[in-house]
Amino acid sequence: TKQINQKQKKVNELNRKIDEIVRKEAEKASKTTMTKEQKLIAGGFEANKGRLPWPVAQGMISGHFGKQQHPVYAQVILDNKGIYIQTVATSQARAVYKGEVTTCFMVNGTYAVIIQHGNYRTVYSNLSRLQVKQGDKVETKQLIGTIFTDPEQDQKTELYFQIYKDRNILNPELWIAK
């Protein structure tokens, strides 16, 4: 239970940081009109709902979006603001759609990247190394960074992935290809 509480505390800190950044970016964006290019990108992103490529080359969803019971401890309820995708060590996170890197930051010893796709944003967290920087234009499936492998968690390699429209969090499972 202590480990779960520690992990939840780190996740809450990460989510607060992401929410703060996305809120500020969305506020700033709401004061300006989207460019023609941003409108096209947003439209293309939206048109690909359910068909976006996975943010990893191979993996499985190990933590679903929303509230659910912990798989081992019945009294613990998890509330995920994204999905966890478990993959193999040395795996790379990759952009699910073309866009622009708006933010790269570190929290709890790992990196996170936010990519803007018009009025949509994708968030890739739990990265040990980055291959992009703020301001970079990225293409679909472009490598973003190496996913952290946790030596304290039996070498678990897990990406935390989120999608926002403006300031609203969305269920990524509805957006990525089945």
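Quick note: residue numbers are just sequence positions, from 1.
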Hey, what do you get for [atom1] ([X]) to [atom2] ([Y]), rounding to the nearest 0.5 Å?
X	Y	atom1	atom2	answer
Asp19	Asn12	CG	CG	10.5 Å
Ile163	Ile115	CD1	CD1	11.5 Å
Asp150	Thr110	CG	OG1	9.5 Å
Thr157	Ile147	OG1	CD1	7.5 Å
Thr140	Asn48	OG1	CG	8.0 Å
Met34	Leu40	CE	CG	10.0 Å

Please name the pair of heavy atoms, one in [X] and one in [Y], separated by the smallest distance, quoted to 0.1 Å.
X	Y	result
Asn119	Ala42	OD1-CB, 3.3 Å
Leu159	Ser125	CD1-O, 3.3 Å
Lys10	Asn108	O-ND2, 3.0 Å
Asn171	Glu173	OD1-N, 2.9 Å
Pro53	Ile176	O-CG2, 4.0 Å
Val22	Arg167	CG1-CA, 4.4 Å

Cationic N near anionic O, under 4.0 Å, Arg23 to Glu27
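Salt bridge present between Arg23 and Glu27.
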[Y] backbone acceptor or donor facing [X] side chain under 3.5 Å:
X	Y	answer
Gln162	Ile169	no
Asn126	Glu158	yes
Gln68	Gly66	yes

Quick one: which residue pairs count as a side-chain hydrogen bond (donor to acceptor under 3.5 Å, both in side chains) with a foot in residues 82-95, not counting sequence neighbours?
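Sorted pair list: Thr87-Ser91, Gln92-Thr146.
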Taking only residues two or more places apart in sequence, or in another chain, which ones meet [X] in a salt bridge (charged side-chain N to carboxylate O under 4.0 Å, His left out)?
X	value
Lys178	none
Lys39	none
Glu20	Lys24
Lys49	none

Those residues that, when tested against Thr35, pass side-chain contact (heavy atoms from CB on, under 4.5 Å) (two or more places apart):
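Thr35 satisfies side-chain contact (heavy atoms from CB on, under 4.5 Å) with Glu37, Gln38 once adjacent residues are dropped.
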Residues forming a side-chain contact (heavy atoms from CB on, under 4.5 Å) with Asp136, sequence neighbours excluded:
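Asp136 satisfies side-chain contact (heavy atoms from CB on, under 4.5 Å) with Val101, Val132, Lys133 once adjacent residues are dropped.
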Can you name the residues that form a ring-ring contact (aromatic ring centres under 6.0 Å, His included) with [X], not counting sequence neighbours?
X	result
Phe148	none
Phe45	Tyr97, His117, Tyr120, Trp175
Trp54	none

Check for me, please, whether [X] and [Y] land in the same ILVMFWY cluster - side-chain distances under 4.5 Å, paths through other members count.
X	Y	result
Val88	Ile61	no
Tyr124	Phe105	yes
Ile18	Met106	yes
Tyr160	Leu174	yes

Can you pull the salt bridge (Lys or Arg N to Asp or Glu O under 4.0 Å) pairs that have at least one residue in residues 54-64, sequence neighbours excluded?
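Checked against salt bridge (Lys or Arg N to Asp or Glu O under 4.0 Å) - neighbours excluded - no pair reaches residues 54-64.
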Going by the salt bridge (Lys or Arg N to Asp or Glu O under 4.0 Å) test, which pairs reach into residues 98-126, not counting sequence neighbours?
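Listed by first then second residue: Glu25-Arg121, Glu100-Lys137.
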pair [X]-[Y]: side-chain heavy atoms closer than 4.5 Å:
X	Y	answer
Phe161	Val56	no
Gln131	Gln142	no
Thr32	Lys28	no
Phe65	Asn80	no
Pro55	Thr122	no

Residue Lys156 excluded, over 12 heavy atoms near NZ under 6.0 Å:
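Above 12, so yes.
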